[in-house]
Amino acid sequence: MIYSSSPPLLDHYGALLRHSKTTTTTLQKTQECNNGHYFNNGVVMEECQLPLIDLNGLKSHDMWEQAECVRAISKASSEWGFFQVVNHGISPELVKRMREHQMKLFEAPFEHKASSRLLNNSYKWGTPTATRPNQFSWSEAFHIPLTKISDESCYGEFSSLREVTEEFASAMSNLARLLAGILVENLGHHRQVLEDICEESTCFLRLNHYPACPVSSDIFGLVPHTDSGFLTILCQDQVGGLQLMKDSKWVSVKPNQEALIVNIGDLFQAWSNDVYKSVEHRVMASKMERFSVAYFLCPSYDSLIGSCREPSIYRDFTFREYRMQVQEDVKKTGRKVGLSSCPAASSSSEPLNSG
């Protein structure tokens with residue numbers, strides 16, 4: 001018997017279509033077309049170039065160049081919520097090795113990935129909670145806690161993956177903490193504020209695979225969402241498909257082989273009192289398969305997320321409370337609501353609803 005490496009995405013998506021009142025016409029609000037243009041509700045949009053920041057400026061002996069690099073990071077975090085970095089310290093050779101081992105992992109039979117408890121039993125595919133086609137993600141992933149990356153027993157026959165994953169995760173963690181520290185200091189606080197609460201038990205490395213989609217490019221590879229943590233760093237391939245919300249419309253991000261993508265998460269927006277923006281983004285499925293690796297910088301679950309300044313827009317809440325709120329929102333609405341479900345600091349003294 002020949003086993004497929006891809007999960008039964010088409011079967012699940014087809015079942016959602018059959019049981020949904022949503023028509024194909026309704027789903028075709030976003031369609032990819034040639035030459036890097038995209039239709040969004042009938043409007044053609046071009047690929048955008050995210051702010052590109054050379055981190056060599058941080059090492060410069062010229063204080064003005066250092067300050068300009070910091071200013072660029074802070075400005076992009078406020079105006080875009082997304083930016084790209086080059087000369088980030090993660091070598092092309094390490095990226096290549098990580099990608100090669102990642103591809104071998106996803107080439108394993110689906111039944112094996114789903115049942116062998118690989119990588120701390122972290123394998124996920126599709127969207128189990130989806131009740132409509134527009135809630136479905138055409139993708140599969142391993143979402144690995146940093147505390148498990150060094151555990152040899154998690155890798156099974158993919159033991160060679162451990163060394164490169166350890167090295168890659170360590171490099172991404174160092175970069176995330178450097179950038180987060182810069183953003184904290186930009187608001188007049190010591191970078192130790194985040195260092196003290198971000199720990200390996202809640203930080204994650206996520207290995208993503210978006211299989212080739214034979215149906216239509218109006219299907220989400222990853223449904224629209226914001227990231228919940230402080231900071232995310234994304235290493236993607238050259239296929240493209242990442243889109244973000246900018247000026248109330250979706251724009252497509254042009255891949256850059258030399259750059260890593262950085263985006264602000266919900267907790268950083270709340271902590272910065274909306275100075276930094278956690279921006280909604282999504283991935284569109286494609287007839288070409290796509291790979292990426294994302295690192296998520298998160299605090300301990302019981303860390304209290306307050307505002308760095310007064311008056312505070314949001315009242316204090318813990319990361320655990322926020323995660324539970326997100327899960328409750330997904331159950332009720334089929335999608336992540338995010339910070340908009342958090343009451344303002346002045347509106348309530350009651351605990352954040354945790355279901």
Side-chain angles (χ1 to χ4, degrees), residues 1-34 37-42 45 102-119 121-143 206-226 236-237 239-245 250 252 280-292 294 326-337:
M1 180 180 294
I2 299 177
Y3 293 98
S4 171
S5 63
S6 294
L9 296 164
L10 189 58
D11 291 345
H12 191 185
Y13 185 77
L16 291 174
L17 276 177
R18 289 191 296 272
H19 292 91
S20 174
K21 295 180 180 179
T22 306
T23 66
T24 303
T25 301
T26 304
L27 290 172
Q28 291 173 342
K29 290 181 179 179
T30 305
Q31 289 183 316
E32 185 175 0
C33 64
N34 295 328
H37 298 82
Y38 293 81
F39 284 110
N40 185 284
N41 294 329
M45 59 180 178
Q102 178 185 5
M103 292 172 71
K104 289 180 182 178
L105 175 66
F106 282 110
E107 285 172 358
F110 165 68
E111 290 80 4
H112 183 57
K113 289 180 289 189
S115 62
S116 62
R117 305 185 67 82
L118 278 170
L119 300 177
N121 198 30
S122 63
Y123 179 72
K124 301 289 185 288
W125 66 275
T127 312
T129 57
T131 57
R132 298 191 299 273
N134 60 1
Q135 298 172 351
F136 184 73
S137 293
W138 191 280
S139 56
E140 58 178 340
F142 287 92
H143 199 78
R206 183 179 174 96
L207 310 182
N208 299 308
H209 176 220
Y210 303 89
C213 180
V215 184
S216 175
S217 56
D218 63 330
I219 296 175
F220 294 128
L222 195 60
V223 295
H225 67 287
T226 57
Q236 62 172 349
D237 61 18
V239 173
L242 175 64
Q243 298 179 355
L244 60 91
M245 185 65 70
W250 289 105
S252 174
E280 192 173 29
H281 52 285
R282 66 190 186 186
V283 176
M284 302 308 297
S286 168
K287 291 186 178 180
M288 297 177 62
E289 65 177 344
R290 178 180 186 269
F291 294 90
S292 69
V326 168
Q327 293 168 3
E328 186 69 18
D329 290 339
V330 170
K331 288 180 182 178
K332 290 179 178 178
T333 68
R335 62 185 294 272
K336 179 183 176 182
V337 177

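Just so it is clear, the values below take in all heavy atoms, side chains as well, and ignore hydrogens, waters and symmetry mates.
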*How long is the gap from CZ on Arg117 to OG on Ser122, to the nearest 0.5 Å?*
10.5 Å
_Test side chain to side chain contact (heavy atoms under 4.5 Å, CB included) applied to His143 - qualifying residues, sequence neighbours left out_ = Phe204, Arg206, Phe296
*Which atoms form the tightest heavy-atom contact between Arg290 and Val283, and what is the distance?*
NH1-CG1, 3.8 Å
*Mind listing the closest non-hydrogen atom pair of Leu207 and Leu105 along with its distance?*
CD1-CD2, 3.8 Å
*To the nearest 0.5 Å, tell me how far Glu111 CD sits from Ser116 OG.*
11.0 Å
_Closest heavy-atom pair and its distance - Leu222, His225_ = CD2-CE1, 3.4 Å
*asked:* If I compare all heavy atoms of Ser6 with all of Ser4, which pair ends up nearest, and what's the gap?
replied: N-OG, 3.1 Å
*Considering residues at least two apart in sequence or located in another chain, which fulfil the side chain to side chain donor-acceptor pair (under 3.5 Å) criterion with His12?*
none
*In chain order, what residues pass the ring pair (Phe, Tyr, Trp, His ring centres under 6.0 Å) check against Tyr210, with sequence neighbours excluded?*
none
_Quick check for you: to the nearest 0.5 Å, what is the distance between Tyr123 atom OH and Phe110 atom CZ?_
5.0 Å
*Is the shortest heavy-atom distance from the side chain of Trp138 to the side chain of Pro211 under 4.5 Å?*
yes
*Looking only at heavy atoms, what is the nearest atom pair of Phe136 and Gly126, with distance?*
CE1-CA, 3.8 Å
_Listed partners of Phe291 passing ring pair (Phe, Tyr, Trp, His ring centres under 6.0 Å), at least two apart_ = His209
*Using the test side chain to side chain donor-acceptor pair (under 3.5 Å), find all partners of Thr129 that sit at least two apart in sequence or belong to another chain.*
none
*asked:* The criterion is side chain to side chain contact (heavy atoms under 4.5 Å, CB included); which residues satisfy it with Ser115, sequence neighbours excluded?
replied: none
*Who pairs with Arg335 by side chain to side chain contact (heavy atoms under 4.5 Å, CB included), at least two apart in sequence or on another chain?*
Glu280, Thr333
*Donor-acceptor contact below 3.5 Å, side chain Gln102 vs main chain Asn208*: yes
*asked:* Please find the pair of heavy atoms, one from Leu9 and one from Ser137, that lie closest to each other, and give the distance.
replied: CD2-O, 4.1 Å
*Could you list the residues that satisfy side chain to side chain donor-acceptor pair (under 3.5 Å) with Thr226, not counting sequence neighbours?*
Asp266, Lys336
*Looking at Ile219, Leu10, Asp218, which hits side chain to side chain contact (heavy atoms under 4.5 Å, CB included) with Cys213?*
Ile219
